[in-house]
Amino acid sequence: MGPTGEDYRVVQLHPTRRCNLRCRHCYSRSGPDTREQLPIAIVETLLRDAGAERYNLASFSGGEPTMYPELAEALACAHANGLSTTVTSNGMLLSERLLERLRHHLDLLAISLDGVAASHNAMRASANAFEVMERRLDGVRRSGQRFGFIFTLTQHNLHELEWVAAFAAAQGAGLLQIHPLEETGRAADVMAGSSPDAVEASVAFLEVSRLQQRYAGTMQVHLDLLDRRAIAVQPACMLSGPAADHRDEPLAEIVSPLIVEPDGTVVPMHYGFDRRHAFGSLYDRPLRDLIPSWREHKMPGFLDVCRRTYEDLLAPADLPFVNWYPLVAERA
Ligand code: SF4
């Protein structure tokens, strides 16, 4: 089980940086002007290798994955290799034709929703991102696709979470995921200081607990934060043991999520993770050939970063909730 309680071993793919939007909080700096994208042959080989390393979930993310021409083929390949699939989308391009192509191999469609219409559009730097997305929801429901929403929590929008939850439930969502803003990429440039601090995170925890009770049995509500009090009793989940403990483990037990960036670089845990810890580029070699060298030369350093982060979190603190993955990335 991972540090935030999830039971998934995730390979997170960013097959393209193309996007119809240019959101203020975009960690991959995606947008309409970029053409960077991975060839399907590289994606399919990566998915085969990820299945062999015991990953069990392929999560396709931004750029806007629905603009990746071979998304349906990539999802089918993930299923063929034993991985469940999710796609995170801004929801604006979900035509019924596209949904029909995806639905046999897509287990969960996660649609971004950042607050009431005005807030959503402001975050998305768009005059009508909310309205276009909302118009697509009828088609999503008709397709039978299982879907949920992802809300980016900032220092300033917790008061909109109740509205977001009510909207999501009314639309028939099975999941509302609350993910704290990470100041990476474009968010570091234009939203510096907007990620939730420890007080905001703690209030968010209470609000999410209330929403979990309200929507129990109809919609799962999940907050992507780590409770310092819980990690003290699960050090193995925090990779805090010696490197030798992990020598014979499949990669999925050591690195989750494994991130595949649109330029083919593979890094642990977090988009943009320090390149000193990178596996290398899929343009040079497939994942199965990058892993032995990473295990020998880089795994000890990566585990050392995890261990130092874990030990810092055990120190006494007034408030318990933290965002584990960017914390590790900051210390790398
Ligand atoms: S956050 Fe998502 S929708 Fe917005 S620009 Fe980035 S990839 Fe596109």
Side-chain angles (χ1 to χ4, degrees), residues 10 12-38 43 58-71 74 85-95 98-99 102 106 108-137 140 147-154 156-157 160 164 168 175-192 194-196 224 257 259-265 267 270-272 323 325-326:
V10 182
Q12 187 184 95
L13 291 103
H14 301 261
T16 179
R17 279 180 61 229
R18 291 184 67 197
C19 189
N20 53 320
L21 293 177
R22 196 181 283 106
C23 302
R24 300 178 71 233
H25 63 317
C26 186
Y27 59 73
S28 59
R29 297 181 195 276
S30 297
D33 307 329
T34 174
R35 289 285 171 271
E36 192 169 53
Q37 66 184 25
L38 289 169
V43 171
S59 172
F60 291 82
S61 193
E64 172 55 39
T66 59
M67 294 180 78
Y68 185 61
E70 291 97 357
L71 180 60
T85 56
T86 69
V87 165
T88 300
S89 168
N90 60 41
M92 298 171 72
L93 305 175
L94 297 172
S95 66
L98 177 64
L99 287 163
L102 300 185
L106 177 54
L108 177 71
L109 172 64
I111 301 172
S112 306
L113 173 60
D114 298 323
V116 301
S119 304
H120 182 89
N121 290 343
M123 187 97 108
R124 306 248 146 212
S126 161
N128 61 355
F130 178 87
E131 289 78 5
V132 175
M133 176 272 288
E134 187 182 28
R135 282 200 293 274
R136 294 294 194 187
L137 296 177
V140 173
F147 73 101
F149 289 93
I150 295 189
F151 173 73
T152 300
L153 177 71
T154 73
H156 313 293
N157 65 1
E160 296 191 15
V164 165
L175 170 73
L176 173 60
Q177 184 175 352
I178 296 103
H179 190 78
L181 175 73
E182 294 168 10
E183 293 180 28
T184 303
R186 201 175 289 133
D189 299 341
V190 302
M191 294 191 71
S194 296
S195 55
D224 294 341
I259 313 291
V260 180
E261 299 191 1
D263 67 356
T265 305
V267 293
H270 194 262
Y271 193 99
N323 194 358
Y325 299 109

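Counting starts at 1 for both ligands and their atoms, following the listed order.
Atom SG in Cys26 sits 12.0 Å away from atom CE in Met191 (nearest 0.5 Å). Rounding to the nearest 0.5 angstrom, the gap separating the CE atom in Met123 from the SG atom in Cys23 is 8.5 Å.
Between Tyr271 and Tyr27, the two ring planes are tilted [angle within 30° to 60°].
Annotation for ligand 1: atoms under 4.0 Å from non-hydrogen atoms of Gly63 are 7 (S). Ligand-side atoms of ligand 1 in range of Leu21: 5 (S), range being under 4.0 angstrom from any heavy atom. Distances below 4.0 Å separate heavy atoms of Asn90 from the following atoms of ligand 1: 3 (S). Residue contact check: Arg124 has heavy atoms under 4.0 Å from atoms 3 (S), 4 (Fe) of ligand 1.
What sits closest to atom 8 (Fe) of ligand 1 on the protein, heavy atoms only, is Cys19 SG, 2.3 Å.
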For Gln177 and Asp224: C-alpha separation, side-chain torsions, deciding distance, then whether side-chain contact (heavy atoms from CB on, under 4.5 Å) applies. CA-CA 7 Å; Gln177 184 175 352; Asp224 294 341; 2.7 Å; yes
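For atom 6 (Fe) of ligand 1, the N/O/S atoms of Cys26 include one lying under 2.8 Å. Taking backbone and side chain together, Cys23 holds no N, O or S atom under 2.8 Å from atom 8 (Fe) of ligand 1.
Remark: the Glu64 side chain and the Thr16 side chain contain no N/O donor-acceptor pair separated by less than 3.5 Å.
With Arg17 contributing its side chain and Arg29 its backbone, the two residues share a donor-acceptor pair below 3.5 Å.
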